Number of protein chains: 4
Amino acid sequence: MSKHTRTRETRGSITGPAPDATARQPRNRRLPAQERQDQILDAALLVFSERGFGAARMDDIAERAGMSKGGLYAHFRSKEAVFEAVLQRMLMPDLLFSEQVAGSAEADVALQDSSSLASAIDEFLERAYGRLKDERFVRTLHLLIAEGPRAPHALKPWNLRHAELLRKQQAAVTQAVSSGQLRDSALTDMVQLIHAPVLLAAILRFLQDAESVQVTLAKLRAAHRRLLLESLAPKAVADS
Amino acid sequence: MSKHTRTRETRGSITGPAPDATARQPRNRRLPAQERQDQILDAALLVFSERGFGAARMDDIAERAGMSKGGLYAHFRSKEAVFEAVLQRMLMPDLLFSEQVAGSAEADVALQDSSSLASAIDEFLERAYGRLKDERFVRTLHLLIAEGPRAPHALKPWNLRHAELLRKQQAAVTQAVSSGQLRDSALTDMVQLIHAPVLLAAILRFLQDAESVQVTLAKLRAAHRRLLLESLAPKAVADS
Amino acid sequence: MSKHTRTRETRGSITGPAPDATARQPRNRRLPAQERQDQILDAALLVFSERGFGAARMDDIAERAGMSKGGLYAHFRSKEAVFEAVLQRMLMPDLLFSEQVAGSAEADVALQDSSSLASAIDEFLERAYGRLKDERFVRTLHLLIAEGPRAPHALKPWNLRHAELLRKQQAAVTQAVSSGQLRDSALTDMVQLIHAPVLLAAILRFLQDAESVQVTLAKLRAAHRRLLLESLAPKAVADS
Amino acid sequence: MSKHTRTRETRGSITGPAPDATARQPRNRRLPAQERQDQILDAALLVFSERGFGAARMDDIAERAGMSKGGLYAHFRSKEAVFEAVLQRMLMPDLLFSEQVAGSAEADVALQDSSSLASAIDEFLERAYGRLKDERFVRTLHLLIAEGPRAPHALKPWNLRHAELLRKQQAAVTQAVSSGQLRDSALTDMVQLIHAPVLLAAILRFLQDAESVQVTLAKLRAAHRRLLLESLAPKAVADS
DNA sequence: AATGAATGAGAGTTCATTCAT
DNA sequence: TATGAATGAACTCTCATTCAT
């Protein structure tokens, strides 16, 4: 990508107030490798998600990681390598939006009766839409979507993990259906449908900035709730 | 030879076989401004969507447009300007995925009875999922999502148009509900829910490349179909 | 010179309010060659003196001359050629600061008695320092000094003319000395000394902008006057 | 081959034999920042004064400084910045032609009797006209006059320093007048008049190249000497 | 003659990467 | 390991000049 476009590039409107979460260490401190790595990846995530891969500079990352540019290269062979490591790590400590899946799966597993279905749904929604208020999460997702295709091999593990989670949840849901806890429906045919509206919400967040989607998001969530309730409540429950 | 040539960058896996649809003119031919502009924007769309804004080079665009790099600047002030023009044009001839909305709206309006509901849905699905086979469309969408936030002002008209179409369709759907053609449901509360699965499908396309999602897409479409049928069919019809 | 520095170059502080004296013709008008040439050279003088040779663009000149860039090339082979033509013309209608010399020479020749010496000096000073209020003159002189060395061959005729004028005036002055009208002094040894302070004044104008030199210029002129009176007045007159 | 290569431009006739004083270091050597800066500014002064700001290329400067073009940017933000730094430095180690003023001031202060006035004057002239043989000095002065107006803020400190020196000398001269060492005259009214002929000489150097002015310069210097002697020698001395 | 799109060779600037310290 | 100056290959943008119209 261009190297000196930067200046001209509209720095992402997503960009918040430059979080700078990483406390600036007194520099030149020698740190255990692992700790340094983490610092770097934290910094890199921020920078990549703020600027995109192309517009991110090693200097930016280094500065945020509290070290010099050259120092980065003691830990990562290249910018590309940093990027991939960031992507890799996305799914380890934090399952990104796959976690929704997992969360919902647990919730589903836990549900017992009609009241708990509603509350399980609410919990799921709270978790899912709550994340959209987390600027970091939104950026990360955006990074994944925007730049992921650039590094398909880095994407692979993510895809695998995602698939696995989906499989698990699908199994749980199917089980819940056959036990009568959930109604058989399009949503139970394919659990992704359960998450689709959240993804839509996230995309709107990218494209429209936090405030202006506020209302839409609320309505979307309400409709989503209705959808889940209507589609998932077992016949008996729904009819009663 | 060099240490950090562009080549290093993983050129987007999306990248097809370099279409080069634009027949290379005999160069130096003077063209009407409008025609040139179109050529340039065609070329730029390809290049931007293949590489992303950052990695796209004016040279690439120029070459694809069959002219010299410098020549571009007779028509656009900067790379940024080309990018914005591309985004602008996205919504003129072709309403991007908003058009799905419009299409579906017409379909909805047209529906009369149960059989036509099913076929309207099928038409909608055909159009919506059919687009995902169009590499160009997918790239464009990806570009919009990935790089749009970089140029929020260029995004504004798109947002407006999109909002307008949604409004229209929402009105049509609400009307269809009160006339009994559609059942009142979460999906009619908020038409976006109708499209959400398609967006999910599109995102999967970005992240996983055409072939590997093939199966998932088919299943998703089927589930989507079931969802629409179950949720939208008027009670009487559904119960009969 | 650099071609795209321009934007960054501090546009000369000398630059006044963009004179634009040349009335913008309705374009595309076909004009007699001579008239066009003049228009072009007028425009070119302005642009060159405002920006310097390097930063001046053919577009600028063309626009100010009320024609298209390409049109220039019907009259001049190159930017260099325009520049030289400008320099050439400097000495035809207007002898630049050589004219001061000439003017003063005539004045000298005319002087008869003590009162007319004083008034001749005052006339000379008025003419010489008056010019410094003429932004155009100052710019032209600056252009000559700043860019002249770039085109020594274009400078040659100017130098010849200048030398001739000096010779003439030197002769007149020497004559005036032997006839007792002027006292023999350093200034009559070398007429350039008579003009030196004006040149100093002009240089200050370049380096300090009109207003801030105002006072200095006035004082310089007064001192210059005293110098001329004291040095040139014949003994008898001075002693009386 | 090309149509408008740099080569076309008449490279300044001032241009000497490309001094290249700076011995080419073995490259890539890491130097203390200050030393590098100096190397760069030395190189830049040469290049700017040879070609003028516009025609100077960063490549040229880099090459003369014995480093790569990109390396310059570790020390200076832009070409403009280099230029300003060059101008700044002009007045630090070496007060440019202001120093003449200072030198002369000291000389004046030192003068005691008629013999020392003559020798003080000769020293002053030697210093002043001697500089004109220094190609570097002449170029620097030309640069200041030609390109200074382009960067008025860089000029300001120079102006201040210059003004201060003038003030000092004016005071010294006025003092010398009241103590009877110098005669009250136009030249003591305004010390600039003392220097004016030197400036004229310098300008001639720009416009006419070293050899052809040789004679003129000698004559000018002689006349200048006479002027100073006649004007500055105290009455008694002059009359005796 | 005139127009202005088109060309094409830079020029300034950026930045991933290297390497002397 | 860490630092940051240095490298060098892009890359964007400019502009003198040409040329189809």
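Since the structure is predicted, the reported quantities are computational estimates derived from the model, not experimental observations. No hydrogens, no waters, no symmetry mates; every other heavy atom, side chains included, goes into these values.
Phosphate contact (OP1/OP2 of F/dT14, side-chain N/O of B/Y73, threshold under 4.0 Å): absent. For E/dG12, neither phosphate oxygen OP1 nor OP2 lies less than 4.0 angstrom from any side-chain nitrogen or oxygen of D/R77.
As rounded to whole Å, 13 Å separates atom C1' of E/dG8 from atom CE of B/M67. In this structure, the CD atom of B/Q37 is 10 Å from the P atom of E/dA6, given to the nearest Å. In this structure, the CZ atom of A/F76 is 16 Å from the P atom of E/dT18, given to the nearest Å. Rounded to an integer number of Å, the gap from B/H75 NE2 to E/dT7 P is 9 Å. Residue B/I40 contributes atom CD1, which lies 11 Å from atom P of E/dA5 at whole-angstrom precision. The nearest whole Å value for the distance from the NZ atom in B/K79 to the P atom in F/dA10 is 15 Å. Between the CD atom of B/E63 and the P atom of E/dG8 there is a distance of 13 Å, given to the nearest Å. One atom, CZ of B/R57, and another, C1' of F/dA9, lie 12 Å apart when rounded to the nearest Å.
Each of C/L72 and A/M58 was matched to the nucleotide of DNA chain E holding its nearest heavy atom; the match closer to the 5' end belongs to C/L72. Taking the nucleotide of DNA chain F with the nearest heavy atom to each of A/G70 and B/G70, the more 5' of the two is matched to A/G70. If you find the closest nucleotide of DNA chain F to B/G71 and to B/D59, the one lying nearer the 5' end belongs to B/D59.
Nearest to the side-chain atoms of A/S68 among the listed nucleotides F/dT3, F/dT7, E/dT7 stands F/dT3. Here the side chain of C/A74 is nearest to one of E/dA1, E/dA6, E/dT13, namely E/dA1. Candidate nucleotides E/dT3, E/dG12, F/dA6 were compared by shortest atom distance to the side chain of D/R36, and F/dA6 ranks first.
Note that CZ of D/R36 is 9.5 Å distant from CG of D/L72, once rounded to the nearest 0.5 Å.
A/D60 and A/A55 get closest at one heavy-atom pair: OD2-O, 4.5 Å.
For the pair D/L143/D/L45, a side-chain contact is recorded, criterion being any heavy-atom separation below 4.5 Å from C-beta on.
Here the side chain of D/K79 pairs a donor or acceptor atom with the backbone of D/F53 at under 3.5 angstrom.
Put simply, the side chain of A/K69 and the base of F/dT3 share no donor and acceptor less than 3.5 Å apart.
Not counting sequence neighbours, the partners of B/A44 by the side-chain contact (heavy atoms from CB on, under 4.5 Å) test are B/F48, B/I61, B/V82, B/V86. D/Y73 is linked by a side-chain contact (heavy atoms from CB on, under 4.5 Å) to D/M58, counting only residues two or more places apart in sequence or in another chain.
Counting only Watson-Crick and G-U wobble pairs whose two distances sit under 3.5 Å, DNA chain E takes part in these stems of three or more pairs: E:2-21 with F:2-21.
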*Decide yes or no on salt bridge (charged side-chain N to carboxylate O under 4.0 Å, His left out) for A/E84 and A/R77, but give the supporting numbers first.*
CA-CA 11 Å; A/E84 289 177 22; A/R77 190 185 9 276; over 6 Å; no

